[in-house]
Amino acid sequence: MAYTVQTRTRASGIAAIIGAGVLMALVCLPLFASRSLIQDMFLILTMLVLAQFWNLLAGYGGLVSIGQQAFVGMGAYTLFGVVILGGVDPVAAILFSGIGALIIAVPTAFFAFRLNGAYFAIGTWVIAEVVRLLVAQWKTLGGGTGTSLPREATREMWFVEGIETLFGVRSAAARDILAYWLALALAVATIGGIYWLLRTRRGLALAAVRDNIEAAKSVGVDAVRMKWVVFLTSAFGTGLTGGLIYMQKARISPDAAFSVTDWTAYVIFIVVIGGIGTIEGPIIGVLIFFLLQSLLADFGSWYLMTLGVLAITIMLVAPRGLWGLLSERTGLHLFPVRRRLVAPKTSET
């Protein structure tokens with residue numbers, strides 16, 4: 001009797017249909033949504049992408065980094081550099097953002113992979129601070145005070161004129177719509193790409209490295225190679241997102257672009273409360289994060305304290321996050337990656 005390996009479930013099939021409908025609604029959102037809602041959705045989508053890449057790194061690869069702000073900042077500064085110095089269109093320059101992040105990811109990995117556990121986490125943070133200090137000396141891009149994108153670059157950005165005509169909006173609103181669509185495309189590509197990776201043999205190897213690196217090596221898994229692949233992939237995607245975020249902002253400074261709070265602490269919070277090691281977790285986490293930010297952002301330090309207390313409480317009550325708790329009790333998996341042996345159906349005669 002021949003068995004087959006399956007990962008798909010009935011819940012995942014239903015979720016795929018609902019997800020396609022939600023995606024179509026999100027694509028059409030600028031037709032009826034206000035500009036403020038478009039900006040909020042841009043924030044949600046970009047934070048979701050950052051959370052998914054950190055989750056790939058820490059949740060699936062076991063590499064807990066607190067230096068992701070290095071890739072956000074370097075990606076953003078690379079975009080500003082190629083636009084201001086090279087005259088490249090900001091939309092095309094987003095690709096250079098990922099390349100810029102890769103350039104610093106290689107030496108970062110070379111040094112950080114010699115550290116383990118907490119030392120690895122602290123090491124990535126230190127390297128990120130070094131990169132921030134170096135970029136702050138880049139006088140051509142404003143040094144420590146930062147700079148803005150040239151007006152002609154933002155005014156003549158690809159697709160902006162067409163969006164103005166299509167929606168009958170001004171240039172600034174058209175740029176927000178363009179940035180929103182790019183963020184949506186990046187979020188879909190990120191989730192789809194990570195899900196595809198986890199369902200391949202490399203995904204199995206990655207899980208083995210995370211759970212027990214020595215055991216993974218004993219069965220032939222190239223642990224070092226898997227670490228490099230995950231680290232560089234996360235850096236590239238984080239750099240792309242950083243470039244997109246600051247293309248929309250059109251203003252940059254080292255302290256903002258390399259903020260450990262905005263681009264690492266918040267991202268870790270999103271993943272931890274949603275569910276580390278799951279694709280669904282960051283989706284739940286980013287919605288909770290945005291809701292808390294909308295309700296408590298005016299309360300200053302109380303806002304950060306509330307986030308901290310909530311994160312600690314969830315880690316104590318549900319160490320696998322809210323989605324981990326839900327899936328454990330219900331068996332629900334919208335993005336299933338666990339392999340199951342299924343016996344073939346037999347017909348009675």
Side-chain angles (χ1 to χ4, degrees), residues 15 18-19 22-23 25-27 29 33 36-60 64-66 68-69 71-72 75 176 179-195 198 234 237-246 248-249 259-297 303-304 306-315 318-327 332-335:
I18 296 175
V22 171
L23 178 59
L26 291 175
V27 170
L29 187 65
S36 61
L37 179 58
I38 294 297
Q39 291 173 338
D40 289 341
M41 288 301 302
F42 175 81
L43 171 64
I44 291 173
L45 290 169
T46 50
M47 292 301 291
L48 173 60
V49 174
L50 293 176
Q52 290 288 0
F53 278 115
W54 188 85
N55 189 38
L56 174 66
L57 189 66
Y60 292 108
V64 180
S65 167
I66 52 175
Q68 294 301 93
Q69 68 273 16
F71 306 130
V72 173
D176 286 341
Y180 163 74
W181 275 340
L182 291 173
L184 179 60
L186 183 57
V188 172
T190 298
I191 293 173
I194 291 175
Y195 186 43
L198 296 177
S234 177
T238 302
L240 287 178
T241 310
L244 177 57
I245 289 171
Y246 280 91
Q248 193 265 350
K249 291 177 179 290
S259 171
V260 65
T261 300
D262 292 343
W263 312 127
T264 298
Y266 287 162
V267 167
I268 295 175
F269 172 82
I270 289 170
V271 176
V272 167
I273 66 169
I276 192 169
T278 66
I279 293 178
E280 301 92 340
I283 299 175
I284 300 297
V286 76
L287 296 176
I288 295 174
F289 168 77
F290 176 75
L291 179 62
L292 291 174
Q293 186 181 60
S294 300
L295 295 176
L296 304 174
Y303 164 58
L304 297 176
T306 302
L307 294 183
V309 170
L310 179 60
I312 293 171
T313 303
I314 291 178
M315 283 189 288
R320 296 179 57 196
L322 295 177
W323 180 260
L325 180 64
L326 177 64
S327 62
L332 182 64
H333 298 280
L334 304 183
F335 295 90

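As the structure is a computational prediction, the values presented were derived from the model and not from experiment.
- A distance of 10.5 Å separates OG1 of T278 from CG of L326, quoted to the nearest 0.5 Å.
- Looking at D176 and F42, their side chains never come closer than 4.5 Å, going by heavy atoms from C-beta outward.
- Remark: Q293 CD to L43 CG distance equals 5.5 Å, nearest 0.5 Å.
- By the 4.5 Å heavy-atom criterion applied to side chains, L310 and F269 are counted as neighbours.
- In this structure, the side chains of V272 and I314 stay at 4.5 Å or more apart for every pair of heavy atoms.
- When side chains are defined from C-beta on, F289 does not count as touching I44, because their heavy atoms never get closer than 4.5 Å.
- Scanning all heavy atoms of the two residues, the minimum distance from L57 to S65 falls at CD2-CB, 3.6 Å.
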Would you please test L322 and I288 for side-chain contact (heavy atoms from CB on, under 4.5 Å) and show each step?
CA-CA 11 Å; L322 295 177; I288 295 174; 3.3 Å; yes
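- Between the side chains of S234 and Q68, a donor-acceptor pair is found at a separation under 3.5 Å.
- I279 and Y60 get closest at one heavy-atom pair: N-OH, 3.4 Å.
- To the nearest 0.5 Å, atoms CG (L295) and OG1 (T306) are separated by 10.5 Å.
- Distance check: T238 OG1 to I245 CD1 gives 9.5 Å after rounding to the nearest 0.5 Å.
- Shortest non-hydrogen contact noted between P282 and V271 is CG-CG2, 4.4 Å.
- Looking at heavy atoms from C-beta onward, L37 lies in side-chain contact with M41 at the 4.5 angstrom threshold.
- Test L186, V72, T241 against T46 for side-chain contact (heavy atoms from CB on, under 4.5 Å) and you get one pass: T241.
- To the nearest 0.5 Å, the span separating CD1 on I38 from CG on L45 amounts to 9.5 Å.
- Not one N or O on the side chain of N55 forms a donor-acceptor pair closer than 3.5 Å with the backbone of I276.
- Here CG of L50 is found 10.5 Å from CG of D262. Values are rounded to the nearest 0.5 Å.
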Run I268 and I66 through side-chain contact (heavy atoms from CB on, under 4.5 Å) and show every step you take.
CA-CA 8 Å; I268 295 175; I66 52 175; 3.7 Å; yes
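- When only modelled atom types and interatomic distance are considered, Q69 and T264 share a side-chain donor-acceptor pair under 3.5 Å.
- M47 has its side chain within reach of I270: a pair of non-hydrogen atoms, C-beta onward, lies under 4.5 Å apart.
- For the pair V267/F53, no side-chain contact is recorded, criterion being any heavy-atom separation below 4.5 Å from C-beta on.
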From CA spacing to verdict: side-chain contact (heavy atoms from CB on, under 4.5 Å), V64, W54:
CA-CA 8 Å; V64 180; W54 188 85; 4.0 Å; yes
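- At distances below 3.5 Å, not a single donor-acceptor pair connects side-chain atoms of Y266 with backbone N or O atoms of T261.
- Inter-residue side-chain proximity for I194 and T190 is flagged as met; some heavy-atom pair is nearer than 4.5 Å.
- Considering all non-hydrogen atoms of both residues, Y180 and V27 come closest at OH-N, 4.4 Å.
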